[in-house]
Amino acid sequence: RGPPISAGAGVACRGMWRAVEAMLALPLMLLASRLACVDGASKRCGGRVVVGVDYYPEQWPVEDMRDDMQAIKEDLGADLIRIGEFMWHELEPEPGRFNFTLLDMVIGLAEEFKLEIMLGTPTATMPAWLHTQHPEVLLKGPDSPEGYAGATPAFGGRRQYSFNSPTYQRYVNRIVRQLAKRYAQRDSITFWQVDNELGHEGSDLDFSAQSSVAWRMWLARRYKSDIRKLNQDWGTTFWGVTYNNFDEIPLPRWTVPGGPARPNQNFRSNESPGMLLDFRRFRRDSITTYANAQVDILNDENVKGCITTNAPGGFWGKAMDHNDLFEKMDMPAYDNYPIWGGSVAAPQASRVALALDTVRGWSRTNQSGWMVAEQLIGAQGHDIIGYTPRPGQVRAWAAASLLHGATGLNFFRYRAAAFGQEEFCYGILDHTTPRGTGRKWKEAQDVYKLAKEHQQLWLEPVQAKVALIYDMENIFAWQAQPQSVEFDFESEAHRLYRPFWRQGAAVDVISAKRAMAVGGAEALAKRYGIIILPAPMVTSDALVDLLTKYVHAGGSLWVGFRADLKDERSQMRRTPSRLAALAGVEVAEIESLNPGVPEAVRSVTTGPNGDTATVGVWREGLHISTNSQVEALWRYTDDFFGALGYAAVVRKRFGEASGSEIVYIGAGIDPEALLKAAGESLERQAVPKVGLSDNPEVEHVLRKDTNGNVWHVEINHGLQAAKDAKGDTLAPFAVQMSLQTGTEV
């Protein structure tokens, strides 16, 4: 099985726990890893706004480098270049022979022009010699009866390695330590990036032999070698798939009955739901352990720079938890690509905002800001190119990142590549654009100016009185059993997030673990007037108890469908939903709303005027308990749920003076249909907000700066001019900022 890999002994500040058995990926190890202390202030993470470019010196002639550096600093106005993430072969052309000539030159020139550096560890792409000598380090995709799934990736791509390979980890540790020893004390290297987009493009999953070995070891540790406990938690007596020992347990591959993964699944297996939940927990721990080994080496060498990694989008669709991933790092970073190859239009601005708020929530303290490691500025795609951002649109996206708490932003990329798989990922400069010219050069300058001129605003932490709470283990259960082909957790979170975003209320997006650490129900109600809980199918007793007390402490709780359906083993509860009961309803009927369901089934109505809306994905027939003082906000109109008098959305209030209430959303209703109720909850809880704008593409919020001043920030994300909440006209992609007097946040 291979020996455990040690990450080394630690620095005094981080010396509480250092010995890492990197390949075991065990919960006990992860708990221990969180004991490490991190002095973010000494790592230069906060206190300033940093803007930069992603620069790839190995992809352009060396003779261009000096003029590039001068233009980046003196004309473009950037502070930083981000380099190194794909340079492993350049740095180690043969096993154990290191060549830092090019990297030394790049760093030296950057220092000459007083540019800071974000240096990436080059471990996302292995050298050809490593692939040739050790083909066993490769991951394997999930099995499926069709397509090329289940295959081992060929050399030439990226992220082909297995997070559970001890051999790969040894080579990774060596190159990372070489980098850290050489550059740890360089003042110019203010950020260190671990690997690149961990878990992206399907690399979170692994069905290789080394994954199988690590999986069985992980299970033995989790269940304390008690195979009976595992059988009970997985319910293996169903279909008679009971195990006698841990060596009999396979990876959750394709089996009969089965079929290819649907569009809303990262892979599909008809194994036990308990097994599928544990497998995703195992993948989460494997990825975090791999990253932590590099973090420990960087800390062991006492690097001066702030440690992070660049998380890709689609994070709620992966078998990993970025709250765990960033636990030992100094700050989160994110690659902001609202569009990609094949995109035909920009996404809703509220969806982009939801992602940015989620990234902010990965920070341990929510005080040190976060970084956009890659902000697209041109059309993107590998083989298919998508939507090209319109003039000014990237400035609006970048401004939104700052508005949602970013204190660092790098454009991807300085110059488009002339060769390789990303030739069609356009940058500030395209292939033939001279330095200092072009529309995108001017737009990048404008963004940098916006970041610098309002630095005192961006450096003050976002203050939100609304929180959206999620639990990755609940999301893992949905990944395994989406129940509707239209289900997508991000969309369900957005469904409940958007009505509050539309009204200019700041929203924190945090893990359930973070919420439970606030300090009890009274403290939680004081911190957040409103809590949003989308699609909480798997809920812990502790969370349900906390939220029940939170409501009675004066909080407003918004709960999505399928609430409190399963326990933490992914087994069905045998008692009715406690959250539905808190709302004064019983879930009497259910129905999955897949494509092709008649429109009559999707129709709901409200109020004396008979306003109508549509629902999708899922619906629950909510029976209102007798004498429960529950208000039906939306009712079904069809000849099934409607004929039985069932409600789709209800609200129960616990006394007008207290503010206590619960809103239960039992169907995938159009978010616009929830605007009125959201506005009433905001008023009831006295949550600071701007007000509802006429145009759904206008983003606006109140933010306080470091001097205590309150600013009203507005961004029109639409292609057309729009009216804001005050009736003023905003040009397409305009960013408008105004000081407010007599306003509290």
Side-chain angles (χ1 to χ4, degrees), residues 40 43-60 65-87 103-122 179 183-194 196 298 303-311 329-336 368-377 394 398 401-402 405-415 427-429 435 440-441 443-455 458-459:
K43 300 280 231 157
R44 302 178 65 184
C45 289
R48 65 207 172 100
V49 172
V50 182
V51 293
V53 297
D54 298 330
Y55 190 73
Y56 298 91
E58 69 274 23
Q59 299 176 11
W60 282 91
M65 197 182 305
R66 174 173 291 275
D67 290 340
D68 282 346
M69 297 288 186
Q70 185 172 9
I72 289 168
K73 180 66 176 182
E74 298 177 3
D75 189 348
L76 196 58
D79 304 310
L80 174 145
I81 59 170
R82 175 173 167 266
I83 61 173
E85 60 187 358
F86 297 122
M87 291 182 69
L103 192 53
D104 284 346
M105 182 187 305
V106 176
I107 293 173
L109 272 175
E111 291 173 339
E112 181 180 333
F113 287 100
K114 295 181 170 52
L115 281 165
E116 299 177 31
I117 296 153
M118 183 173 185
L119 181 59
T121 64
L179 278 172
Y183 300 115
Q185 299 307 304
R186 297 289 275 263
D187 290 333
S188 60
I189 302 177
T190 53
F191 294 91
W192 288 78
Q193 174 189 303
V194 171
N196 171 267
L298 297 176
V303 298
K304 289 187 174 181
C306 179
I307 300 172
T308 186
T309 188
N310 59 322
M329 300 185 191
D330 297 313
M331 69 184 298
Y334 175 62
D335 292 351
N336 190 24
S368 60
W370 57 278
M371 172 181 277
V372 179
E374 298 181 15
Q375 170 64 65
L376 71 80
I377 195 168
V394 168
S401 295
L402 297 167
T407 54
L409 186 144
N410 304 318
F411 278 118
F412 181 86
R413 41 189 291 156
Y414 172 68
R415 181 190 284 116
I428 296 174
L429 297 177
R435 295 183 196 89
K440 290 181 288 182
W441 188 276
E443 286 193 24
Q445 288 176 320
D446 288 346
V447 169
Y448 294 165
K449 182 179 179 181
L450 177 71
K452 294 295 187 178
E453 287 186 349
H454 295 280
Q455 187 166 216
W458 315 131
L459 289 176

*asked:* If you apply the rule side chain to side chain contact (heavy atoms under 4.5 Å, CB included), what do you find for Val394 with Phe411, and how did you get there?
replied: CA-CA 10 Å; Val394 168; Phe411 278 118; 3.5 Å; yes

*List the steps, then state whether side chain to side chain contact (heavy atoms under 4.5 Å, CB included) holds for Leu376 with Phe412.*
CA-CA 5 Å; Leu376 71 80; Phe412 181 86; 5.6 Å; no

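- Atom-to-atom distance recorded for Ile117:CD1 and Leu103:CG is 8.0 Å, nearest 0.5 angstrom.
- Scanning all heavy atoms of the two residues, the minimum distance from Ala110 to Ile81 falls at CB-CD1, 3.9 Å.
- Here OH of Tyr414 is found 5.0 Å from CD1 of Ile72. Values are rounded to the nearest 0.5 Å.
- A side-chain contact (heavy atoms from CB on, under 4.5 Å) with Met118 is found for one member of Val50, Thr308, Asp54 and no other, namely Thr308.
- A search for side-chain hydrogen bond (donor to acceptor under 3.5 Å, both in side chains) contacts involving Gln455 returns nothing, not counting sequence neighbours.
- No side-chain heavy atom of Met371 sits under 4.5 Å from any side-chain heavy atom of Gln193.
- Across all their heavy atoms, Trp458 and Thr407 have their closest contact at O-CG2, 3.6 Å.
- Counting all heavy atoms, side chain and backbone alike, Gln375 lies closest to Asn336 at OE1-ND2, 2.8 Å.
- To the nearest 0.5 Å, the span separating CG on Leu119 from CH2 on Trp192 amounts to 4.5 Å.
- Using a cutoff of 4.0 Å between basic side-chain nitrogens and carboxylate oxygens, Arg186 and Asp104 are not scored as salt-bridged.
- How far OG1 of Thr309 is from OH of Tyr334: 14.0 Å, rounded to the nearest 0.5 Å.
- Of the possible donor and acceptor atoms, none in the side chain of Asn310 sits under 3.5 Å from a partner among the backbone N and O of Ala333.
- Interatomic distance, CG of Leu109 versus CE of Met65, reported as 6.5 Å (0.5 Å rounding).
- Shortest non-hydrogen contact noted between Ala373 and Asp335 is CB-OD1, 3.4 Å.
- The shortest distance between side-chain heavy atoms of Ile107 and Ile189 falls below 4.5 Å.
- Across Ile377 and Gly427, no two heavy atoms sit closer than the pair CG2-C, 3.4 Å.
- Under the 3.5 Å distance criterion, the side-chain polar atoms of Asp79 are matched with a main-chain donor or acceptor of Val51.
- Val106 has its side chain within reach of Met69: a pair of non-hydrogen atoms, C-beta onward, lies under 4.5 Å apart.
- Each salt bridge (Lys or Arg N to Asp or Glu O under 4.0 Å) pair with one or both residues in residues 65-74, not counting sequence neighbours, appears once here: Arg66-Glu112, Asp68-Arg415, Asp68-Arg435.
- Separation of atoms CZ (Phe86) and CD (Glu58) is listed at 9.0 Å; rounding is to 0.5 Å.
- Not one N or O on the side chain of Glu85 forms a donor-acceptor pair closer than 3.5 Å with the backbone of Tyr56.
- Contact between Ala78 and Gly52 at its shortest, heavy atoms only, is CB-CA, 4.0 Å.
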_Pair Phe191, Arg82 - check side chain to side chain contact (heavy atoms under 4.5 Å, CB included), show working._
CA-CA 9 Å; Phe191 294 91; Arg82 175 173 167 266; over 6 Å; no

